[in-house]
Amino acid sequence: MDRYEGLARAFVGLADTLVADFDVVELAQQLVENAMTLLPIDAAGIVLADVDGRFQVLASNSEQTRLLELFQIQYDNGPCLRSYRTGEQVVVDDLRIGIDRWPEFAARAIAYGFLSVHALPLRLRNDRVGALNLLRFDSGKMSDADIAIGQALADVATIGIVHQRVALQSDVLNQQLQTALNTRTVIEQAKGVLAERGGVDMDAAFHLLRRYARRNNRRLADVARAVVDGADTAAILNPS
């Protein structure tokens with residue numbers, strides 16, 4: 001499968017989520033996976049803002065990336081947050097140069113081996129809901145074509161998050177976004193339960209949780225809630 005076919009499939013897959021009662025968390029995770037496949041990056045994460053402007057990590061390709069995103073949220077300072085607040089793309093060719101701009105985030109990212117970052121806003125006209133963070137082990141800016149693909153993926157995902165605003169009042173949309181953030185908290189708790197019971201790391205726990213939900217045609221949030229509430233996890237930890 002060449003890149004153009006992969007890009008077409010990515011857009012079709014994202015478009016398939018634009019239905020009533022779609023799963024925002026699954027949409028975000030799909031965006032991260034598409035970015036990892038189609039772009040020359042080594043990590044990706046999505047930060048979403050709630051109605052009060054508080055940030056939360058909605059999706060990431062790994063536990064390490066999630067922790068890095070949480071780190072910039074903790075210090076309220078970083079390229080992803082700036083991209084959300086300005087609605088503009090933020091490109092850092094080399095985190096080692098001008099490290100004072102985001103000292104805490106840059107130091108932690110470099111410690112993880114990342115040398116460049118591209119933060120792309122999740123925006124639709126004047127609406128901004130978050131940002132997509134693309135990280136690379138190599139320094140240097142991605143090509144304009146790669147950045148355009150990343151922004152296009154982010155834009156489609158944004159449509160999936162805000163499309164109901166056409167038919168519903170904004171307070172309903174805000175409630176939906178808040179529900180998505182609350183859902184992510186439950187998923188993190190479920191990952192912890194599975195990691196402890198199965199003796200696996202957090203990345204593996206999330207993979208098992210998501211695979212079980214997909215195979216059984218259940219919402220990821222519902223499966224996570226069941227795990228947190230004490231459901232039997234044998235089928236999740238030991239897939240046939």
Item checked: Carboxylate-amine/guanidinium contact Arg219 Glu26, below 4.0 Å -> no
Check: Any Lys/Arg nitrogen of Arg66 or Glu69 sitting under 4.0 Å from an Asp/Glu carboxylate oxygen of the other?
Finding: no
From [X] atom [atom1] to [Y] atom [atom2], the distance as rounded to the nearest 0.5 Å:
X: Ile110; Y: Phe105; atom1: CD1; atom2: CZ; answer: 9.5 Å
X: Leu135; Y: Asp42; atom1: CG; atom2: CG; answer: 8.5 Å
X: Thr158; Y: Arg125; atom1: OG1; atom2: CZ; answer: 12.0 Å
X: Ile46; Y: Asn133; atom1: CD1; atom2: CG; answer: 10.0 Å

Is there a donor-acceptor pair under 3.5 Å between the side chain of [X] and the backbone N or O of [Y]?
X: Ser83; Y: Pro79; value: no
X: Arg184; Y: Val25; value: no
X: Gln29; Y: Ser60; value: yes
X: Gln151; Y: Pro121; value: yes

Return the minimal non-hydrogen interatomic distance between [X] and [Y], and the atom names on each side.
X: Ser116; Y: Leu95; answer: N-CD1, 4.2 Å
X: Leu132; Y: Ala154; answer: CD2-CB, 4.3 Å
X: Ala213; Y: Val223; answer: CB-CG2, 3.9 Å
X: Val186; Y: Val228; answer: O-CG2, 3.7 Å
X: Ala44; Y: Leu134; answer: CB-CD2, 4.0 Å
X: Leu209; Y: Ala190; answer: CD2-CB, 4.2 Å

Checklist line | Pairwise side-chain hydrogen bond (donor to acceptor under 3.5 Å, both in side chains) hits with a residue in residues 98-112, at least two apart | finding: Asn77-Trp102
Notebook entry, point to check: Does any pair with a residue in residues 193-209 pass side-chain hydrogen bond (donor to acceptor under 3.5 Å, both in side chains), and if so which ones, sequence neighbours excluded?
Noted result: Arg197-Thr233
Between [X] and [Y], is there a shared hydrophobic cluster once you connect ILVMFWY residues whose side-chain heavy atoms come closer than 4.5 Å?
X: Leu27; Y: Leu124; result: yes
X: Met202; Y: Val227; result: no
X: Met142; Y: Leu115; result: no

Does [X] reach the side chain of [Y], with side-chain heavy atoms less than 4.5 Å apart?
X: Glu188; Y: Val57; result: no
X: Val129; Y: Leu48; result: yes
X: Arg211; Y: Leu208; result: yes
X: Ile41; Y: Met36; result: yes
X: Leu194; Y: Val200; result: no
X: Phe206; Y: Ile187; result: yes

Item checked: Test side chain to side chain donor-acceptor pair (under 3.5 Å) applied to Arg82 - qualifying residues, sequence neighbours left out -> none
Next item on the list: Take Asp76 and Leu81, measure what side chain to side chain contact (heavy atoms under 4.5 Å, CB included) needs, and give me the verdict at the end.
Entry: CA-CA 7 Å; Asp76 194 32; Leu81 273 58; 3.5 Å; yes
Check: In chain order, what residues pass the salt bridge (Lys or Arg N to Asp or Glu O under 4.0 Å) check against Arg215, with sequence neighbours excluded?
Finding: none
Next item on the list: With sequence neighbours excluded, give me every ring-ring contact (aromatic ring centres under 6.0 Å, His included) pair touching residues 116-138.
Entry: Phe114-Phe137
Note to self: Can you pull out every ring-ring contact (aromatic ring centres under 6.0 Å, His included) where at least one residue sits in residues 67-92? Sequence neighbours excluded, please.
What the structure shows: Phe55-Tyr84, Phe71-Tyr75
Next item on the list: Test salt bridge (Lys or Arg N to Asp or Glu O under 4.0 Å) on Arg96 and Asp94 and set out the steps.
Entry: CA-CA 5 Å; Arg96 298 166 297 186; Asp94 194 330; 2.8 Å; yes
Next item on the list: Go through Thr65 and Val32 one step at a time and tell me if the side chain to side chain contact (heavy atoms under 4.5 Å, CB included) criterion holds.
Entry: CA-CA 11 Å; Thr65 307; Val32 165; over 6 Å; no
Next item on the list: Could you go through the side chain to side chain contact (heavy atoms under 4.5 Å, CB included) check for Leu122 and Arg128 one step at a time?
Entry: CA-CA 6 Å; Leu122 296 178; Arg128 300 192 301 272; over 6 Å; no
